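Accompanying notes for the structure given below.
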Amino acid sequence: MTTVFTGRIRPLAPAIDTLAEAMAVDEGRILAIGTDVEVSGRFPDADKVAVDGWVMPGLIEPHGHPAYSSILLSDLVVDIRPVIVPDADGVLATLRRAVADADGPVFANGWDALLQRGLPEPDLRFLDELAGTVPLVVIHNSGHSAYFNTAAALAAGIDTQTPDPAGASFGRDANGDLTGVALEEAAVERVVAPMLANAQQHLPRLLTAHLCDLASRGITTVSDLSWNPQLNSLVDALRTSGALPVRLRWYEMSRPGGTAAARGPADPLFRQVGVKTWSDGSPWIGNIATSFPYLDTQATRNLGLEPDHIGEANYTAGELLAIAEPYAAGGWQLACHAHGDRAIDATLDVYEEIITRQDLADHRFRLEHCGAMTHAQFERAAAIGVTVSLFVDHITYWGEVLVDDLFGPERGGAWADAGAAFAAGHRATFHNDGWVTPNEPFRNMAVAETRTTRNGYRMPAGTPVTREQALRAQTANAAWQLFSEHEVGELTPGLFADFIVVDRDPVTVPAAELAQTVVRATYLAGALVV
Ligand SMILES: [Zn+2]
């Protein structure tokens, strides 16, 4: 049965300001789009649905972590993210309350000493004092480090004999004793393993709730950059019961010595598109690989950084090449976390070598976040077919920190330079990185345009994007980056009818108003989801 949706439709194609009145949908796909007279004339017997608001393509989150977020943002974890608990006193009070009320281990997520000013060093001694015999793990808001007490180390089976995982480490003092710090993904994973094990039984409920929340924010396709393939059967069950509210794309986490999985059928609802690797860490904890030092400020001293500190990459270029090439040889797209300009250079070197040796054409290898990426690097990446996804929402929350506390007006001010990416010819995208910032794609678009923080501070460098670039970053460009442009990203005949209804015209409203856009309804393949 054909349905014709009528309203003010922004298909965002063929031109950004194209305005349509009617869209015919059948079997989940768009049959026609145009004026009401044209479309209704072609499908006189169709059901008619008049939509109240502006229609646009469903939004695409090209770099999320829905599986992990569904646990981290659930009631199994104490929420101390700076967007929820803005100051240090609040964080410490929340942790003490959680420990006092605990009938088991306590896991908290969202520690950020740069935004929650005055937090103490979260080492083993401090957490032992705070929690005593209650196992306590505090995860940094970036996800790149976690802090644990003696009881939590015991519960996770970590002791002085535990070797450092590849590309990650446990902090140790001069005697070799653990200091209570896990640095980078593979070490953090070891510390939170008991919590993840406990979460398994709750996952059907948690994942469904989280995906529905994403859909309510206008997201119709989400990509998970740290997917656990053990969840595949759960997603299949959700789909069978009609409870999968978004399209899922996923990236397998690379492992040293890992080998590529076989490619499955091109399932339009749920499929793997690539493999994730990491080049460096997080700007907020001092381990991004830059050519320039961190500023010497009270904030960097509080992070424990020496004057003129320069972060190191997780892997040498040779190690990264050895990890990544087998996956690329197996036909998978690569996506590499890289913030610092040295990490980006090293990753581009590795990509270039793989592209040449494997003779790859349409590889769409990705660089993730791109905090300190320079004009020249955007141009080099574009020239070899490497694509970029920028974490522009860093500006919203950490803009002042980047300039005043960490990197100064030139480097910090140009952070996440989306305008430079587009100027170099990229089909760039924006993301919220799962739980790291709230899923707020309209704010991403607005902040890429204004380069202004939530406090109204305008970044002193970097290039604003146009509205067209902003809208494409979370629709058509993101679809292309996920090898899904033949399925979603625009409202065009032949593509799936994934669309949202919003309360304002996304093409013409000022940026400040775009950030406040309200999603009234979300449709996946022509069916109302929320
Ligand atoms: Zn991520």
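Here the structure is a predicted model, which is why all the values come from computation and not from measurement. Counting starts at 1 for both ligands and their atoms, following the listed order.
The closest side-chain donor-acceptor pair between Asn432 and Thr437 falls under 3.5 angstrom. Between the side chains of Glu121 and Tyr147, not a single donor N or O lies within less than 3.5 Å of an accepting N or O.
Residue His337: no N/O/S atom is found under 2.8 Å from the Zn ion (ligand 1). At a threshold of 2.8 Å, the Zn ion (ligand 1) has no backbone or side-chain N, O or S atom of Glu368 nearer than that distance. For a distance bound of 2.8 Å, the N, O or S atoms of His369 include none lying that close to the Zn ion (ligand 1).
Checked against the Zn ion (ligand 1), the N, O or S atom of His63 at the shortest distance is NE2. Counting just the N/O/S atoms of Asp433, the one with the shortest distance to the Zn ion (ligand 1) is named OD1.
For Arg249 and Phe270, the positive end is not near the middle of the six-membered ring at less than 6.0 Å and at most 45° from its axis.
Just one residue in the list Gln333, His65, Glu368 forms a side-chain hydrogen bond (donor to acceptor under 3.5 Å, both in side chains) with Tyr251, and that residue is Gln333. Checking each of His339, His394, His431 against His369 for a side-chain hydrogen bond (donor to acceptor under 3.5 Å, both in side chains) leaves exactly one that passes, namely His431.
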